[in-house]
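Here's the structure, in structure tokens; my notes come after.
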Amino acid sequence: MSRPAQACGRGLAPTLWYLQYHMVKEGYYFGLPPLLLGGAAIIFHWWILGGALLALALFCFSFFRDPERIISADPGVIVSPADGRVVVITEEENAGRRGTRISIFLAIWNVHVNRSPASGIITKLDYLPGKFLAAWDARASTQNEQNIFTLATTQGTIEFKQIAGLIARRVVSWKKAHESVSKGERIGLVRFGSRVDLWVPHGSELLVKVGDNVTGGSSVLARWPQPAASLSGQASFAAAERQS
């Protein structure tokens, strides 16, 4: 093999490795067509069109990136289900239970792969069609298209939502009801800008504040209530196990 060919191979290898191991498959569906069309446009010297298509392809590859994360092994913590900025922290009831909602806004440049905030069993997974209000709008939590995950764990029950936004028009879940998940495990994504809500039970120790930037799977958002709530959580988890 010639030296130029060897150099080309060395330069291409990291790119192929990145695309294989650090991008979800949706990146190929959205990124490869403009990449190929852009290459064809360049061949025919349509420089502006070719450049625009190649830029679009690079954006898609970046948007669907899926980096590895270091997940806390502490069973007492709840991690972030998404990358982004904390925009709301508010007390909120859920099915008659007191608790706190933490809302995370995902800008278009954030990683959009969502992760499970704790280990447990998905007891319910509800899809709700709805509007496409801007993800930072307070009404988005209840009115926008969303997937709602109810997760039973040995510590208690929590709920988190994938919420579509003004630009994001599709919420994608890779999991089903009654499946077990590990803390930090990938559970789905929302395409092109969105919001993720996490509800934690009353008594949880919050470890973030509005304005904080968080990383999915790695950033710790809260600690579970201690210790009485964990007894109820163990009962709920045992019931979920019997149904799964």
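When reading the values below, keep in mind they use all heavy atoms of this one structure, side chains included, and skip hydrogens, waters and symmetry mates. Keep in mind that this is a model prediction, so the values were computed, not measured.
- Judged as a side-chain hydrogen bond (donor to acceptor under 3.5 Å, both in side chains), and not counting sequence neighbours, the contacts of Lys175 are Glu185.
- Every residue meeting the side chain to side chain contact (heavy atoms under 4.5 Å, CB included) condition with Val88, not counting sequence neighbours, appears here in chain and number order: Thr90, Arg101, Ser103, Arg195.
- Grouping Ile, Leu, Val, Met, Phe, Trp and Tyr by side-chain contacts under 4.5 Å, direct or through others, puts Phe44 with Leu37, Trp46, Leu49, Leu53.
- Under the rule for a side chain to side chain contact (heavy atoms under 4.5 Å, CB included), the partners of Ser116 that lie at least two apart in sequence or sit in another chain are Leu151, Val181, Ile187.
- Residues meeting the salt bridge (Lys or Arg N to Asp or Glu O under 4.0 Å) test with Glu205, sequence neighbours left out: none.
- Closest approach of Val113 to Arg186, counting heavy atoms only: CG1-CG, 3.8 Å.
- Contacts classified as side chain to side chain donor-acceptor pair (under 3.5 Å) and involving residues 214-225 (residues at least two apart or in different chains) are given here: Asp74-Arg223.
- Among residues two or more places apart in sequence or in another chain, the side chain to side chain contact (heavy atoms under 4.5 Å, CB included) test is passed with Asn94 by Arg97, Glu159, Trp199.
- By the side chain to side chain contact (heavy atoms under 4.5 Å, CB included) test, Ile42 pairs with Trp47, Leu54, sequence neighbours left out.
- Taking Glu93 as the reference, nothing meets the salt bridge (Lys or Arg N to Asp or Glu O under 4.0 Å) condition, with sequence neighbours excluded.
- Scanning for salt bridge (Lys or Arg N to Asp or Glu O under 4.0 Å) contacts around Lys209 gives Asp212, with sequence neighbours left out.
- For the side chain to side chain donor-acceptor pair (under 3.5 Å) condition, the pairs that include at least one residue of residues 77-89, sequence neighbours left out, are Arg69-Asp83.
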